[in-house]
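All residue numbers in this chain count up from 1 along the given sequence. First listed ligand is number 1; within each ligand, the first listed atom is number 1.
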Amino acid sequence: MGERLLYEGKAKRVLATGDPDVLLHRYKDEATAFDGRKRGSWRGKGRTNATMSAAMFRYLEEHGVPTHFIEQVDDTTLKTKRLEMLPVEVVVRNVAAGSLAKRLGYEEGTPLRQPVVELYLKNDELGDPLVNRYHLRELGVDDGTLAACEEMGLKVNDTLRPFFEERGITLVDFKIEIGRDTEGNLLLADEISPDTCRFWDRETGERLDKDRFRRDMGGVEEAYAEVLRRVTGEG
Ligand code: C5P
């Protein structure tokens with residue numbers, strides 16, 4: 001079908017297809033953290049991230065968030081629309097953890113008064129720094145686009161928080177990426193998975209996400225399988 005490798009990242013490959021407007025995202029079992037300084041891999045990771053992203057994109061589409069998702073073609077591969085990606089990562093947080101806990105001097109687990117939205121520059125060489133709208137204006141992202149990105153982040157949060165709550169999971173925080181299709185529409189892109197979200201068990205507080213790998217907590221394969229099971233009802 002004329003597949004051609006466009007990009008090979010830490011955790012996935014992006015392939016061009018015979019259709020210029022369609023891509024394949026193939027998820028790998030490999031993981032990196034801390035700007036690639038820590039490496040690992042575990043069985044089932046690619047399948048979990050692909051299957052879970054597909055489920056999340058379907059659910060979000062049903063709830064009025066437009067996404068790049070077309071279909072899941074096999075265990076580890078999603079077919080998506082080809083987008084012009086914005087150079088921005090949008091992080092939304094409900095509970096203090098990770099870099100926000102450090103930045104504000106909060107204990108991890110402190111609930112936030114209201115969701116906190118943060119903008120990061122998508123640039124591996126610079127280590128994806130936190131930026132504000134003045135920086136992004138300087139880089140050519142206009143205010144209307146940024147406002148739409150923040151709004152999309154909050155809408156994803158409002159939609160997914162209750163979805164996970166019903167499955168016994170606190171959506172602590174997550175990162176999304178956004179792109180523009182050929183008609184100029186902003187669509188949710190990239191992935192929504194335990195690589196890009198913090199998921200804590202509501203009862204026990206147990207971490208069910210990539211922090212188990214980042215922090216050498218063990219049980220990472222089991223944690224990913226557990227999230228997948230709760231989301232799709234399968235292991
Ligand atoms: O590390 P930090 O606390 O800023 O991460 C916030 C959220 O964004 C976490 O859910 C993390 O998994 C996600 N994230 C990501 N990719 C990055 C940075 C953070 O998916 N490059």
Side-chain angles (χ1 to χ4, degrees), residues 7 9-12 14 25 27-28 30-40 42 45-46 48-50 52-53 56-57 60 67-68 85-112 114-132 135-136 149-150 152-154 156-157 159-161 163-165 169-179 188-202 205-217 220 223-224 227-228 231:
Y7 160 85
K10 303 155 226 171
K12 64 172 163 286
V14 179
H25 290 238
Y27 290 78
K28 307 196 279 190
E30 279 76 41
T32 61
F34 311 118
D35 296 324
R37 279 175 280 122
K38 184 180 172 87
R39 285 166 189 280
W42 55 94
K45 175 177 184 286
T48 292
N49 287 1
M52 183 159 165
S53 290
M56 297 294 86
F57 287 137
L60 286 164
T67 81
H68 71 161
M85 295 302 295
L86 300 176
V88 184
E89 299 189 346
V90 180
V91 169
V92 182
R93 306 174 182 268
N94 300 303
V95 177
S99 71
L100 181 88
K102 279 210 187 96
R103 191 179 311 281
L104 299 186
Y106 280 19
E107 199 173 319
E108 277 208 315
T110 310
L112 301 172
Q114 54 186 32
V116 169
V117 182
E118 295 173 339
L119 303 168
Y120 291 84
L121 184 63
K122 189 172 160 57
N123 184 321
D124 284 340
E125 268 170 47
L126 299 178
D128 298 339
L130 181 71
V131 288
N132 65 29
H135 298 125
L136 290 167
C149 287
E150 291 178 351
M152 188 181 288
L154 289 168
V156 169
N157 190 47
T159 309
L160 293 189
R161 231 174 141 177
F163 174 91
F164 284 107
E165 212 160 281
I169 291 171
T170 302
L171 178 60
V172 170
D173 55 37
F174 63 88
K175 182 258 317 181
I176 57 169
E177 297 184 21
I178 296 163
L188 178 64
D190 198 50
E191 68 181 276
I192 297 191
S193 74
D195 272 16
T196 61
C197 305
R198 283 196 173 92
F199 297 128
W200 292 0
D201 184 275
R202 282 186 72 194
E206 193 187 355
R207 265 75 168 162
L208 298 171
D209 56 55
K210 196 175 169 187
D211 273 349
R212 300 203 78 84
F213 166 69
R214 295 186 187 105
R215 301 178 186 190
D216 293 321
M217 296 166 84
V220 64
Y224 275 55
V227 172
L228 184 63
V231 166

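Within 4.0 Å of ligand 1, counting heavy atoms only, the contacting residues are Glu89, Val91, Arg93, Ala97, Gly98, Ser99, Tyr120, Asp128, Asp173, Phe174, Lys175, Asp195, Thr196, Cys197, Arg198, Arg214.
Ser193 contributes a side-chain N or O that, together with a main-chain N or O of Asp195, makes up a donor-acceptor pair within less than 3.5 Å.
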*asked:* Run Asp128 and Lys122 through salt bridge (charged side-chain N to carboxylate O under 4.0 Å, His left out) and show every step you take.
replied: CA-CA 5 Å; Asp128 298 339; Lys122 189 172 160 57; over 6 Å; no
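Here CD of Glu206 is found 5.5 Å from CG of Leu208. Values are rounded to the nearest 0.5 Å.
Every ring-ring contact (aromatic ring centres under 6.0 Å, His included) that Phe213 has, sequence neighbours left out, goes to Trp42. With sequence neighbours left out, the salt bridge (Lys or Arg N to Asp or Glu O under 4.0 Å) criterion links Lys28 to Glu8. Scored by the ring-ring contact (aromatic ring centres under 6.0 Å, His included) test, Tyr7 finds no partners at all (sequence neighbours excluded).
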